[in-house]
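Here is the structure we will look at.
Note that these values count all heavy atoms, side chains included, but never hydrogens, waters or copies made by symmetry.
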Amino acid sequence: MAKRKILFINQEISPYVPDSEMSLMGRNLPHAMQEKGHEIRTFMPKWGNINERRGQLHEVIRLSGMNLIIDDTDHPLIIKVASIQQTHVQVYFIDNDDYFSKRQMDKDELGNDYPDNGERAIFFARGVLETVKKLRWVPDIIHCQGWMSAVIPLYVKTAYHDEPSFADTRVITSLFTNSLKKDLGTNFKKCLEFRDAKAELLEPYADNFDFEELGKLAIDYSDGIIQADGKVNAALLQYAKDKHLPILDYQEDFADAYESFYQQIYPEDE
């Protein structure tokens with residue numbers, strides 16, 4: 001296929017967090033596409049359990065310093081970067097003391113979901129998109145992996161649709177097994193509103209966003225869907241089929257299949 005610029009927005013990437021289907025895909029997929037000659041950028045949250053010294057993370061001063069307002073509160077955006085030595089894939093980390101540095105991943109030490117996980121996902125999404133703008137890099141395809149990236153499709157197609165960086169970008173969402181136990185609370189919709197991501201666009205969804213509602217939101221604003229593991233929520237998969245979206249079924253040997261799917265979503269003549 002034609003060489004594309006592919007932005008991978010990941011919830012988890014190995015070796016920075018423990019191995020799982022999602023974190024291994026977060027590492028292996030960008031590497032595979034880079035090896036095939038595509039230009040990539042990769043983002044993930046700077047979870048508090050990431051060892052910065054071992055991972056050799058360092059702050060990118062020119063990209064840091066912006067404040068993002070969520071629920072009427074300013075939250076400083078910090079950007080860090082590192083390279084996975086085995087693959088030479090560069091990873092940008094979205095950091096903030098309140099949302100990430102002082103926290104575990106989606107659950108605390110007792111295994112409970114953080115009550116502000118929704119705000120964390122919003123901060124992450126906006127942090128990624130603002131940083132891509134600063135990089136002056138224009139992705140052809142954005143591939144979202146994990147519920148932390150689930151608001152990206154909405155923002156790309158509404159709040160950021162007039163931005164030159166995203167004017168012709170196609171969005172693909174990978175569906176993974178549910179990791180959220182609780183919903184994101186009644187305040188999530190209010191926090192999600194931003195620019196053209198207006199309140200009326202959120203009316204079709206339940207007031208309490210749970211994993212399934214979040215998945216529906218991602219599907220509704222995506223151009224293609226990938227079944228990323230063998231235990232994907234059946235209701236979400238059916239929801240995507242009912243939308244008549246292009247869907248790639250679960251693939252163990254993923255590299256060629258994913259590249260072909262990218263070609264389907266963003267043909268060479270466009």
Only pairs under 3.5 Å count here: list side-chain donor-acceptor contacts from residues 25-36, not counting sequence neighbours, and write none if there are none.
unit_1, atom_1, unit_2, atom_2, d
N28, ND2, L24, O, 3.1
K36, NZ, D256, OD1, 2.6
K36, NZ, E259, OE1, 3.4

Quiz item: With a 4.5 Å heavy-atom cut-off, do I94 and I78 have their side chains touching?
Solution: no
Quiz item: Between E52 and K80, is there a salt bridge with N-O shorter than 4.0 Å?
Solution: yes
Quiz item: Would you say the side-chain atoms of H161 and D196 include a donor-acceptor pair closer than 3.5 Å?
Solution: yes
Self-check item: Approximate separation, where rounding is to 0.5 Å, of N233 CG and F211 CZ
Solution: 6.0 Å
Quiz item: Has the side chain of D223 got a donor or acceptor atom that lies under 3.5 Å from a matching backbone atom of I265?
Solution: no
Self-check item: Partner of F43 by side-chain contact (heavy atoms from CB on, under 4.5 Å), out of T131, V91, L129
Solution: T131
Self-check item: Non-hydrogen atoms of P15 and I84 that approach each other most closely
Solution: CD-CG2, 4.0 Å
Quiz item: To the nearest 0.5 Å, how far apart are CG in L202 and CD in E213?
Solution: 11.0 Å
Practice problem: Hey, could you give me the OG/NZ distance between S165 and K5, rounded to the nearest 0.5 Å? | Solution: 9.5 Å
Quiz item: Ring centroid separation for Y99 and F124, is it under 6.0 angstrom?
Solution: no
Quiz item: Does N117 use its side chain to pair, donor to acceptor, with the backbone of R120 at less than 3.5 Å?
Solution: no
Quiz item: Do S83 and Q90 have side-chain N/O donor and acceptor atoms under 3.5 Å apart?
Solution: no
Quiz item: For D253, does the CG atom have more than 12 heavy-atom neighbours from other residues, nucleotides or ligands under 6.0 Å away?
Solution: no
Quiz prompt | I9 vs Q145, side chain to side chain contact (heavy atoms under 4.5 Å, CB included): CA-CA, chis, key distance, verdict | solution = CA-CA 6 Å; I9 305 178; Q145 302 194 91; over 6 Å; no
Quiz prompt | Donor-acceptor contact below 3.5 Å, side chain K189 vs main chain F209 | solution = no
Practice problem: Group every Ile, Leu, Val, Met, Phe, Trp and Tyr by side-chain heavy-atom contacts under 4.5 Å, then state whether L57 and L63 land in the same group. | Solution: yes
Practice problem: Hey, can you tell me if F123 and F100 have their rings parallel, tilted or perpendicular (30° and 60° cut-offs)? | Solution: tilted
Exercise. Decide yes or no on side chain to side chain contact (heavy atoms under 4.5 Å, CB included) for L237 and Q227, but give the supporting numbers first.
Key: CA-CA 8 Å; L237 204 53; Q227 182 181 350; 3.6 Å; yes
Quiz item: Could D207 and K190 be called an ion pair, given the rule that one side-chain N must be under 4.0 Å from one carboxylate O?
Solution: no
Quiz item: Y16 and ring-ring contact (aromatic ring centres under 6.0 Å, His included): which partner among Y92, W47, F93?
Solution: F93
Quiz item: Where the side chain of Q11 meets the backbone of M148, is there a donor-acceptor pair that is under 3.5 Å apart?
Solution: yes
Quiz item: Would you call D97 and H75 a side-chain contact if the rule is heavy atoms closer than 4.5 Å?
Solution: no
Quiz item: Do K133 and Y160 pass the side chain to side chain contact (heavy atoms under 4.5 Å, CB included) test, and can you show the C-alpha distance, the side-chain angles, and the key distance before you say yes or no?
Solution: CA-CA 10 Å; K133 283 170 51 183; Y160 288 83; 4.0 Å; yes
Quiz prompt | Smallest separation among heavy atoms of L248 and Q251, with atom names | solution = CD1-NE2, 3.9 Å
Quiz prompt | No-hydrogen, no-angle side-chain donor-acceptor test under 3.5 Å, Y262 and D140 | solution = no
Exercise. Please check if the side chain of N51 supplies one atom and the backbone of R53 the other of a donor-acceptor pair under 3.5 Å.
Key: yes
Self-check item: More than 12 heavy atoms from other groups under 6.0 Å of NZ on K3
Solution: yes
Quiz item: Is there a side-chain contact between T158 and R195, using heavy atoms and a 4.5 Å cut-off?
Solution: no
Quiz item: Between the main-chain N or O of I152 and the side-chain N or O of S149, is there a donor-acceptor pair closer than 3.5 Å?
Solution: no
Quiz item: Stepwise, does the side-chain hydrogen bond (donor to acceptor under 3.5 Å, both in side chains) test hold for Q263 with Y258?
Solution: CA-CA 9 Å; Q263 166 69 19; Y258 277 41; over 6 Å; no
Exercise. Give a yes-or-no answer on whether the side chains of S222 and T173 include a donor-acceptor pair shorter than 3.5 Å.
Key: yes
Quiz item: Does K198 pair with E193 as a salt bridge, N-O distance under 4.0 Å?
Solution: no
Quiz item: Any donor-acceptor pair under 3.5 Å linking the side chain of S23 with the backbone of P18?
Solution: yes
Quiz prompt | Close side-chain approach of T87 to Q85, heavy-atom, < 4.5 Å | solution = no
Quiz item: How about E200: does its CD atom have over 12 heavy atoms from other parts shown lying under 6.0 Å from it?
Solution: yes
Quiz item: Short question: side chain of H38, backbone of R4 - any donor-acceptor pair under 3.5 Å?
Solution: yes
Quiz item: Under 4.5 Å between side-chain heavy atoms, hopping through other hydrophobics if needed: is there a path connecting I226 to F254?
Solution: yes
Self-check item: ILVMFWY cluster, L184 and Y221 together (side-chain gap under 4.5 Å)
Solution: yes
Quiz item: Do T169 and K157 touch side chain to side chain, with heavy atoms closer than 4.5 Å?
Solution: no
Quiz item: Okay, side chain of N10, backbone of I13: is any donor-acceptor separation there less than 3.5 Å?
Solution: no
Quiz item: Rounded to the nearest 0.5 Å, how far apart are CG of L201 and CG of D220?
Solution: 10.5 Å
Quiz prompt | pair L236-K216: side-chain heavy atoms closer than 4.5 Å | solution = yes
Exercise. Measure the shortest side-chain to side-chain distance between T177 and V232 over non-hydrogen atoms and say whether it is less than 4.5 angstrom.
Key: no
Quiz item: Can you tell me if R126 uses its side chain to pair, donor with acceptor, with the backbone of I69 under 3.5 Å?
Solution: yes
Practice problem: Find the distance between CD (Q86) and OG (S14) and round it off to the nearest 0.5 Å. | Solution: 8.0 Å
Quiz prompt | Which atom of V151 lies closest to which atom of I122, heavy atoms considered | solution = CG2-CA, 4.2 Å
Quiz item: What pair of heavy atoms forms the shortest contact from V171 to P153, and how long is it?
Solution: CG1-CG, 3.7 Å
Quiz item: So do the side chains of C144 and F8 get within less than 4.5 Å of each other, counting heavy atoms only?
Solution: no
Exercise. Kindly indicate, with the supporting measurements, whether the criterion side chain to side chain contact (heavy atoms under 4.5 Å, CB included) is fulfilled by N96 and L77.
Key: CA-CA 6 Å; N96 172 268; L77 174 62; over 6 Å; no
Quiz item: Rounded to the nearest 0.5 Å, what separation is found between the CD1 atom of I225 and the NZ atom of K243?
Solution: 11.0 Å
Quiz item: Would you call the rings of F194 and Y155 parallel, tilted or perpendicular, where under 30° means parallel and over 60° means perpendicular?
Solution: perpendicular
Quiz item: Hey, quick one: are W137 and M44 part of the same hydrophobic cluster, counting side-chain heavy atoms closer than 4.5 Å, chains of contacts allowed?
Solution: yes
Practice problem: Following the transitive rule for hydrophobic clusters with a side-chain heavy-atom cut-off under 4.5 Å over Ile, Leu, Val, Met, Phe, Trp and Tyr, establish whether V128 and V138 coincide in one cluster. | Solution: no
